[in-house]
Amino acid sequence: MVKCSLEKLAYMDYSEKLSRVLLGVSKPAQYIGGELYSVCKEYTQVQVRFGFCFPDMYEIGMSHLGMKILYGLINDVPGFACERVFAPAPDMEVVMRENDILLYGLESLSPVRDFDFIGFTLQYEMSYTGVLNMLDLAGLPVMAKLRGDDCPVVIAGGPCACNPEPLCDFIDLFVIGEGEEVTLELLGLYNEMRVSGEYSKAAFLLRACVIPGVYVPSLYEAAYNADGTVAAVTPTQPGVPPRVRKRIISDLDSVYYPDRFVMPFVEIVHDRASTEVLRGCIRGCRFCQAGFIYRPFREKSADTVKSESRVLCETTGYEELSLISLSTSDHSDIENILSTLQGFTNDRRINLSLPSMRIDKFSEEILNSVKSVRKSGLTFAPEAGTQRLRDVINKNISREEILDGCRIAFEGGYSTLKLYFMLGLPTETDEDILGIDTLVREILALYRAGRHKKRLMVSVSLSTFIPKPFTPFQYEPQADKDEISSRQQLLLSHLRNGGVRTSWSDYSTAVVEAALARGDRRLGRVIYEAFKNGSKLDGWNEHYNFDNWVRAFDKCGLSLEFYANRRRSYDEVLPWSHIDVFVSEEFLISENKRAYAGEVTRDCRTACAVCGAEAVCGLH
Amino acid sequence: MDTEYTKIRVFFSKTGRARYISHLNLMDTVCRAVRRAGLRVKYTSGFNPRIYLTFALPLPLGVDGVCETFDLYADMADVSDFGRVGEMLRASLPESLGVIRVAAPLRPHTDIVRAAYEIDGDTAPLERFLGGDRAVVVRKSKKGDKEIDLKPCAGLSGGLLTLPAGNEFNVNPLLVTKAAGGGYDKITRVKIFCADGEIFE
């Protein structure tokens with residue numbers, strides 16, 4: 001193994017400067033790199049440098065699996081080097097700006113401005129101003145059109161790239177869908193054009209735009225109707241594909257998966273080994289964007305999951321192994337996976353966890369394997385309080401299943417339970433809100449009846465529903481502030497009893513997220529103004545400032561409500577209609593209608609709903 | 001049959017990029033390195049078993065160290081000797097945490113009374129500070145600020161600063177250099193002493 005040593009590199013680096021300033025900032029180890037398994041390549045061996053930027057701080061970004069995958073994947077290619085880049089905390093940002101330290105990669109400690117690519121992952125809309133701030137910290141113009149041939153190519157991918165329009169002013173190229181293949185194709189094309197001397201940013205983008213899964217926003221223009229809705233987004237020149245279809249990996253058993261994770265020097269939110277067990281989701285919950293944009297459903301074989309898990313545990317030494325996906329208990333071979341892994345994890349004192357477990361799939365076998373070393377709390381997400389509303393959102397979980405799942409958990413010794421619900425769902429009434437209270441009381445009564453020794457701790461988390469692109473609810477208005485707060489009040493006035501803790505999301509964040517999620521190109525100006533007003537870590541309550549956004553919308557003459565709280569008709573051209581994630585618009589419309597009729601749609605394994613992904617789906 | 005464990009002391013260095021790892025995170029880093037190395041060690045019993053791991057003298061964040069130690073109880077049945085343990089750990093630690101050697105502990109942690117720090121840079125301000133009638137540093141704690149006169153217990157010669165160290169009375173060298181008003185390129189803990197003047201081993 002080659003360990004990360006600065007002496008092997010010959011880029012201009014900030015190690016001197018950093019050693020003078022780092023003791024003045026909080027958690028300095030996050031800014032210095034050099035962790036075990038970080039990859040420093042000798043500069044003479046590197047043709048293409050890629051800076052993987054996570055637009056949030058180290059403790060969040062280092063937990064992100066996508067970064068671990070692409071980091072390993074790119075660094076495995078001779079001649080390509082990938083470095084990690086995170087947003088600095090506010091104290092470090094001040095220090096960097098005062099000492100002329102530009103945003104740098106953690107491997108070489110050299111400025112990302114000198115890299116060939118800067119790649120952002122867009123995990124949540126509230127990180128958009130963070131993208132602009134990182135470009136600014138890098139000493140680069142935030143506007144794509146102001147960055148010339150001597151600047152890195154700025155690319156972005158991740159779930160939010162399914163509606164890339166609000167970021168079109170800032171990003172040169174979007175990757176739609178899964179990145180393992182297309183990222184290497186892009187780096188390869190770039191390298192080829194550099195070697196042959198054909199490279200200019202414009203020439204590169206023009207050739208890149210025909211690679212499947214690549215969207216070059218500067219090669220498209222948006223037209224608007226008099227009422228402010230989008231008329232069309234169309235290519236500006238021949239040869240540019242009018243629609244961009246997302247990339248998917250067809251075989252999860254042969255695709256690259258890292259055999260080691262960079263071991264962080266400071267605590268991160270998910271400090272554990274994690275193995276991805278499947279992609280996509282069979283469930284089709286109508287509010288859930290991930291459930292649609294990651295289709296089709298694909299599994300890793302049990303053998304692959306087991307061997308990747310073992311290797312990761314051995315190389316990392318982690319005390320916890322997590323089997324992750326949108327719904328891990330839906331793996332067709334999950335019991336086999338758990339029972340075989342259990343022997344290994346028990347022997348090594350490794351805590352096995354399944355972070356996304358459906359309450360109806362919660363069996364005693366699963367329970368026994370997850371609690372055998374350490375018992376952590378359980379989380380279930382009924383999402384809505386009544387069966388009627390759970391049918392509307394297609395959650396497909398009954399009251400009996402919820403209570404049964406809780407009973408199994410209580411009998412297994414669990415006494416900490418977290419329940420997730422949403423407020424502001426389509427068709428929601430006061431009765432649905434009071435249904436949350438009824439359900440929680442039933443759970444409390446169930447625990448009491450079991451005569452368990454420990455006191456039960458229930459926490460109820462209430463988030464605000466945010467309609468997202470590519471879901472059956474993409475047409476829905478977000479409930480306004482008064483509606484949400486009156487529902488919060490109603491529920492709180494009932495829920496005030498022993499053993500229940502409640503928390504809820506901030507509406508002023510949810511409404512901006514709703515606007516950005518379904519925004520069009522004109523929101524680029526708003527994001528720029530919010531950034532100019534000082535917004536940069538909007539995902540953090542303590543750093544979020546709603547007023548920055550209100551002023552930004554005002555200055556641009558645009559309305560927050562138009563984007564967040566307006567119902568779209570089925571025939572409106574949605575700003576992301578030129579992006580194709582396989583799921584058809586006809587299917588989304590029919591699902592929207594079924595929601596209003598209270599009709600559920602069965603999971604993909606029971607019956608194919610013909611969503612549009614069936615041609616590439618193994619379940620069909 | 002119960003496993004027999006041997007108490008071992010690992011001498012290591014913490015330099016360069018590792019300078020910025022806090023003591024708490026260093027403990028996590030070492031625990032995982034031990035697990036990666038495949039070394040069988042003793043765990044605490046109870047609800048959340050943890051590796052039995054003790055550090056003789058925590059190193060302040062920002063200070064390099066070349067005489068650091070931690071103790072473990074290792075199952076030596078499958079391992080030929082201490083040298084092999086050192087090799088296993090060396091391979092599983094990052095570049096800036098280096099294993100120097102592994103040995104049986106000779107002295108208990110409670111014997112530690114002093115440590116010597118190498119000051120890289122101009123030591124004139126430190127000389128002035130320690131050369132006065134009193135050399136007062138202020139130690140902040142939850143119970144309130146406390147003034148300590150280092151005059152009777154600190155020493156400086158040949159770029160080497162010696163300070164009280166150990167469980168009873170420990171002085172952070174960064175507190176002293178800050179009070180002296182000098183900025184230094186690097187401070188490295190180079191030696192740890194016992195009450196009888198012997199090196200802590």
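Naming: A, B, ... by sequence-line order, numbering from 1 per chain.
- With rounding to the nearest 0.5 angstrom, the OH atom of B:Tyr20 is 5.0 Å from the CG atom of A:Leu22.
- Remark: B:Lys178 NZ is loosely packed, at most 12 non-hydrogen atoms of other residues, nucleotides or ligands lying under 6.0 Å away.
- From B:Asp28, atom CG reaches atom CG of A:Asp271 across 7.0 Å, with rounding to the nearest 0.5 Å.
- Side-chain atoms of A:Ser19 and B:Arg19, non-hydrogen and from C-beta on, do get closer than 4.5 Å to each other.
- Within 6.0 Å of atom NZ in A:Lys306, more than 12 heavy atoms from other residues, nucleotides or ligands are found, so the atom counts as buried in its surroundings.
- Heavy-atom distances place the side chain of B:Leu24, and not its backbone, under 4.5 Å from chain A.
- Of all non-hydrogen atoms in B:Arg40 and A:Asp347, the two that sit nearest each other are NH2-OD1, 4.2 Å.
- Checked by atom type and distance alone, the side chain of B:Arg36 never pairs as donor or acceptor with a backbone atom of A:Gly317 at under 3.5 Å.
- Considering CD of A:Gln30 and CD1 of B:Ile21, their distance stands at 13.0 Å, rounded to 0.5 Å.
- Residue-environment remark: NZ (A:Lys68) exceeds the threshold of 12 foreign heavy atoms within 6.0 Å.
- Within a 6.0 Å sphere centred on NZ of A:Lys17, heavy atoms belonging to other residues, nucleotides or ligands number more than 12.
- Surrounding CD of A:Glu267 are at most 12 heavy atoms belonging to other residues, nucleotides or ligands under 6.0 Å away.
- Atom CZ of B:Arg107 has more than 12 heavy atoms from other residues, nucleotides or ligands within 6.0 Å.
- By the neighbour-count criterion of 12 heavy atoms within 6.0 Å, atom NZ of B:Lys42 is densely surrounded, having more than that number from other residues, nucleotides or ligands.
- Cation-pi geometry between B:Arg35 and A:Tyr318 is not satisfied (NZ or CZ under 6.0 Å from the ring centre, within 45° of the ring normal).
- Only the backbone of A:Glu314 comes within contact range of chain B, judged by heavy atoms closer than 4.5 Å.
- When side chains are defined from C-beta on, B:Arg32 does not count as touching A:Thr316, because their heavy atoms never get closer than 4.5 Å.
- When heavy atoms are compared at a cutoff of 4.5 Å, A:Thr315 approaches chain B solely by way of its backbone atoms N, CA, C and O.
- Summarising the geometry, atom CD belonging to A:Glu319 is positioned 7.0 Å from atom SG belonging to B:Cys31; distances are rounded to the nearest 0.5 Å.
- Annotation: side chain of A:Leu23 is in contact with side chain of B:Leu61 (closest heavy-atom distance under 4.5 Å).
- Between A:Tyr37 and B:Pro94, every side-chain heavy-atom pair lies at or beyond the 4.5 Å cut-off.
- From B:Ser96, atom OG reaches atom CD of A:Glu35 across 9.0 Å, with rounding to the nearest 0.5 Å.
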